[in-house]
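To start, the structure itself, in structure tokens.
Quick note on labels: first sequence line is chain A, next is B, and so on, each numbered from 1.
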Amino acid sequence: MPGAAHVPRAGGIAERARAMAAPRRAAGASYLVGLNPEQREAVETVEGPLLVLAGAGTGKTRVLTTRIAHILSLGLAWPSQILAVTFTNKAAREMKERIGGIVGEEVEGMPWLGTFHSIGVRMLRRHAELVGLRSGFTILDTDDQIRLLKQILQAEDIDDKRWPAKMLASTIDGWKNRGLTPEQVPAGEGATFANGRGKMLYAAYQARLKALNAVDFGDLLLEGIRLLRENPDVLAEYHRRFRFILVDEYQDTNVAQYLWLRLLAQGSRNVCCVGDDDQSIYGWRGAEVDNILRFESDFPGAKVIRLERNYRSTGHILGAAGHLIAHNEGRLGKTLFSEGAHGEKVTVTGAWDSQEEARAIGEEIEDLQRQGHSLSDIAILVRASFQMREFEERFVTLGLNYRVVGGPRFYERAEIRDAMAYLRCIAQPADDLAFERIVNVPKRGLGDVALRQIHEQARAAGVPLQEAARQLVGSDALKPKVRLSLMDLVQSFERWREQAAQMPQNQLAEIVLDESGYTGMWQKDRSADAAGRLDNLKELVRSMEPFENLTGFLEHVSLVMDTEGAAGQDAVSLMTLHSAKGLEFDTVFLPGWEEGLFPNQRALDEQGRAGLEEERRLAYVGLTRARYRAKVYFASNRRIHGLWQSSVPSRFLDELPDGHVEVTESKGGTGWGGGQANGASRRYGYGPSRFDQAETFGSTYSTPGWQRAQAAKGGSFGGRSGGAGGSGGFAEPASRFGGVSGHAAGRASGGRGSGGRLIEGQLIATSTGPASAFKRGERVFHQKFGYGDVVGVEGNKLTVQFDKAGEKHVVDSFVQPA
DNA sequence: TAGGACGATCTTTTT
DNA sequence: GATCGTCCTA
């Protein structure tokens with residue numbers, strides 16, 4: 001490589017590798033010890049394009065990190081000459097840690113290890129002016145993006161009821177994921193939104209972003225591509241710089257990422273992509289499995305190495321997962337094997353409803369805990385985040401420690417976003433979106449009218465809002481009251497901006513929050529969550545400390561939307577299947593395997609067969625997270641939008657092989673009858689889905705599974721109406737169905753009772769939920785609030801006058817008769 | 001202009 | 001069931 005003065009040594013890489021590898025390795029390349037032959041080959045094949053197809057649990061991350069360590073310790077490149085891209089911040093963090101574990105401090109010199117987006121920003125910051133931005137541009141998040149689009153829609157006089165900004169946002173996002181600029185959007189597609197104005201709106205949005213000196217997430221890559229394409233010298237610089245390129249989770253890259261990568265990889269051609277087509281689960285976000293499928297044709301002469309030896313899961317788990325994923329077409333095809341024991345079979349358990357599902361899983365976890373298992377070795381992986389709630393509620397009543405991974409994000413909370421908006425206004429006076437957000441938060445009498453005036457002034461003078469406000473304050477265009485209030489704000493910002501230069505950012509933040517009246521606003525608020533919000537603000541200020549300056553902090557927030565949760569405590573992990581990728585646990589619970597939920601109806605409707613296959617891969621990912629125990633659950637009834645809906649077991653259950661699966665009964669008694677499931681024709685009867693054959697929808701009702709469900713439903717509802725009713729069974733959860741396991745028994749008790757409504761089709765009960773068994777005047781006990789009297793009943797919600805805690809609204813399942 | 005009441009709409013997954 | 005947005009009134 002000529003002209004690479006900053007390379008440690010001249011000469012061909014292979015040559016140097018040969019020359020240096022021998023002595024170094026002889027000296028004991030301890031990091032190579034313990035790799036299997038395929039892994040070792042993947043680590044040592046440093047030159048030329050390489051695709052590593054790494055199945056679940058085959059040591060993918062280990063290969064990647066060892067490979068980097070190998071390159072560094074052979075002296076083939078300096079840390080700053082390695083480009084290592086991951087998909088998530090979590091993965092980047094982990095990789096950095098693990099490389100550090102092998103090579104030590106040297107990892108600190110790897111500025112180009114990160115997510116696609118963080119590396120994209122890094123490049124854009126260096127060459128902002130080449131793509132029409134000023135350095136220090138803002139990165140908008142989804143929320144800002146939507147607000148901006150709303151304004152554009154309004155300006156174009158498009159009814160945002162009919163054409164929601166959200167929809168436009170995802171359309172534009174889709175284009176950006178495919179690497180399309182407004183000009184490149186095919187005319188036919190541009191017509192899809194708002195009667196043919198989609199393309200125009202996209203262009204308007206981009207223009208607006210430029211005016212705001214802002215980019216959105218998609219731009220981080222799209223503008224990056226433009227930068228490299230339009231500036232050969234810049235591209236050449238990066239070609240010289242990046243001697244080795246490594247990509248993690250290659251199956252998740254979208255077209256834009258792929259184009260970006262390909263531009264950069266044309267340099268050294270030492271590109272190594274690691275991925276597993278069976279774990280591609282981000283198709284909905286534009287990921288192209290094709291990228292991995294066509295690697296060999298993109299990089300002629302590419303070497304492909306398969307890692308199929310699984311070190312994680314037992315034989316039964318692998319067998320079940322492998323059989324499931326075999327139902328997919330269009331795979332590169334790998335068969336995982338392990339030399340470990342068969343272990344326990346994968347269990348499948350049916351529960352009456354989602355609450356009972358949570359109850360049963362809670363009990364299983366307590367059993368495991370009693371047997372000495374650590375809670376942090378247990379995870380519950382759900383398809384959709386709303387499923388988490390029931391588990392949380394259950395765990396709170398049980399007093400079981402749990403941790404929500406990737407749950408409601410810290411930086412997405414309103415109070416944090418408000419605080420951030422103040423800081424953004426200081427760092428970026430042109431950030432109109434931030435200014436709009438906080439002009440009147442807390443309330444300072446600057447409502448719609450005032451804001452409109454500021455907008456008009458801004459447009460007339462061609463300046464950002466903050467500047468327009470400053471100008472208005474100097475004139476007498478505003479009403480005195482408004483003027484005074486706005487003047488105060490404008491002056492405050494000027495003052496803060498001066499102070500910003502003189503003090504650490506966390507101290508500044510404290511001053512800003514205090515002087516703006518923002519903290520005061522929450523202190524005055526006596527709603528239940530005000531205290532929590534104040535805590536969050538404190539946490540925000542605290543988290544700012546380690547950053548170099550305010551800008552550094554703001555950048556971190558826009559790219560790294562998660563905070564590192566308090567690890568270390570022994571707790572069950574609760575997360576979505578998506579965020580579980582890359583993790584592993586001794587025991588994994590997989591609740592909610594029901595048609596419509598998993599596979600997700602929307603995925604089926606929108607993506608058809610591809611959607612189904614992606615859902616199946618998601619199931620595969622879930623199963624393969626487990627080392628020793630995988631426990632699948634489904635519920636016959638689930639509450640969606642506050643309505644109880646009956647559900648049909650997932651088709652994926654049918655795709656699990658008998659030999660590796662055991663059907664068990666829910667501890668709480670199943671509403672479906674596990675006893676039916678033995679025999680050769682184990683069938684859960686999801687029936688033809690609405691998606692497959694819409695016209696035969698009715699036949700769903702005649703499948704054995706449906707009839708079983710109906711029968712059981714009748715039984716349990718009878719039990720419900722005749723018993724304590726509602727979800728009041730707090731004291732003895734399992735007793736409600738009193739061992740009703742077969743449908744015969746269920747029916748016997750189900751014939752009577754007017755409360756046991758069975759409405760045709762899916763709707764089972766009204767939104768108010770089952771009426772509470774508690775009555776006004778009844779004495780109750782609540783774990784947290786103590787004793788009290790019921791003063792009001794509404795559905796299953798009670799108003800209770802507690803002796804000590806005062807009047808509270810509680811769900812009746814949290815209290816018991818005193 | 002602010003606050004409250006009411007109604008519509010939603011729930012896939014995330015950088 | 002919850003949140004968000006809109007409308008109405010003080």
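Distance from the side chain of A/Ala450 is smallest to B/dT1 among B/dT13, B/dT1, B/dT15. Taking the side chain of A/Val449 as heavy atoms from C-beta on, and the options B/dT1, B/dT13, B/dA2, the nearest nucleotide is B/dT1. Side-chain atoms of A/Lys443 lie closest to B/dA2 of the nucleotides B/dT11, B/dT14, B/dA2.
When heavy atoms are screened at a 4.0 angstrom cut-off, A/Tyr282 is found touching the sugar-phosphate backbone but no base atom. Heavy atoms of A/Lys166 sit under 4.0 angstrom from primed sugar atoms or phosphate atoms, though from no base atom. A/Arg389 comes within contact range of the sugar-phosphate backbone alone, with a heavy-atom separation under 4.0 Å but no base atom that close.
By the 5.5 angstrom centroid cut-off and the 30-degree plane limit, A/Phe217 is classified as stacked against the base of B/dT15.
As a whole-Å value, the separation of A/Gln601 CD from B/dC10 P is 16 Å. The separation between A/Gln387 atom CD and C/dG1 atom P is 18 Å, rounded to whole Å. Residue A/Arg444 contributes atom CZ, which lies 15 Å from atom C1' of B/dA2 at whole-angstrom precision. Atom NZ of A/Lys524 and atom C1' of B/dA2 are 14 Å apart (whole Å). Rounded to whole Å, atom C1' of B/dT13 lies 14 Å from atom CE of A/Met575. For the pair A/Leu577 CG and B/dT13 C1', the computed distance is 9 Å after rounding to whole Å. Computed from coordinates, the A/Glu392 CD to C/dG1 C1' distance equals 15 Å when rounded to whole Å. Summarising the geometry, the separation between CG on A/Asp219 and C1' on B/dT15 is reported as 13 Å, rounded to the nearest angstrom.
The aromatic rings of A/Phe598 and A/Trp593 sit perpendicular, their planes meeting at an angle over 60°, well past the 30° parallel limit. In this pair, A/Phe87 and A/Phe116 present their aromatic rings perpendicular. The plane angle is above 60°, beyond the 30 to 60° band.
One side chain, A/Gln151 or A/Glu436, offers a donor N or O that lies under 3.5 Å from an acceptor on the other. A donor-acceptor contact closer than 3.5 angstrom is absent between the side chains of A/Gln154 and A/Glu156.
Listed for the A/Glu614 side chain is a donor-acceptor partner under 3.5 Å among the backbone atoms of A/Gly283. At least one donor-acceptor pair under 3.5 Å links the side chain of A/Asp216 to the backbone N or O of A/Asp219.
Where A/Glu606 and A/Lys479 each meet DNA chain B at their nearest nucleotide, the meeting point lying more 5' is that of A/Lys479. Comparing A/Asp448 and A/Ile640 against DNA chain B, the residue whose closest nucleotide sits nearer the 5' end is A/Asp448.
Aromatic pair A/Trp284/A/Tyr282: ring centres closer than 6.0 Å.
OP1 or OP2 of B/dT11 has not a single side-chain nitrogen or oxygen of A/Asn600 nearer than 4.0 Å. Proximity of A/Thr142 to the phosphate of B/dT14: no side-chain N or O atom is located under 4.0 Å from OP1 or OP2.
To the nearest whole angstrom, the two P atoms, one in B/dT13 and one in C/dC4, are 15 Å apart.
In this structure, A/Glu392 places its CD atom where more than 12 heavy-atom neighbours from other residues, nucleotides or ligands lie under 6.0 Å away.
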Show each protein N/O and nucleotides 5-10 of chain C N/O combination with a separation under 3.5 Å, one pair to a line.
from	atom 1	to	atom 2	distance (Å)
C/dG5	OP1	A/Lys150	NZ	3.4

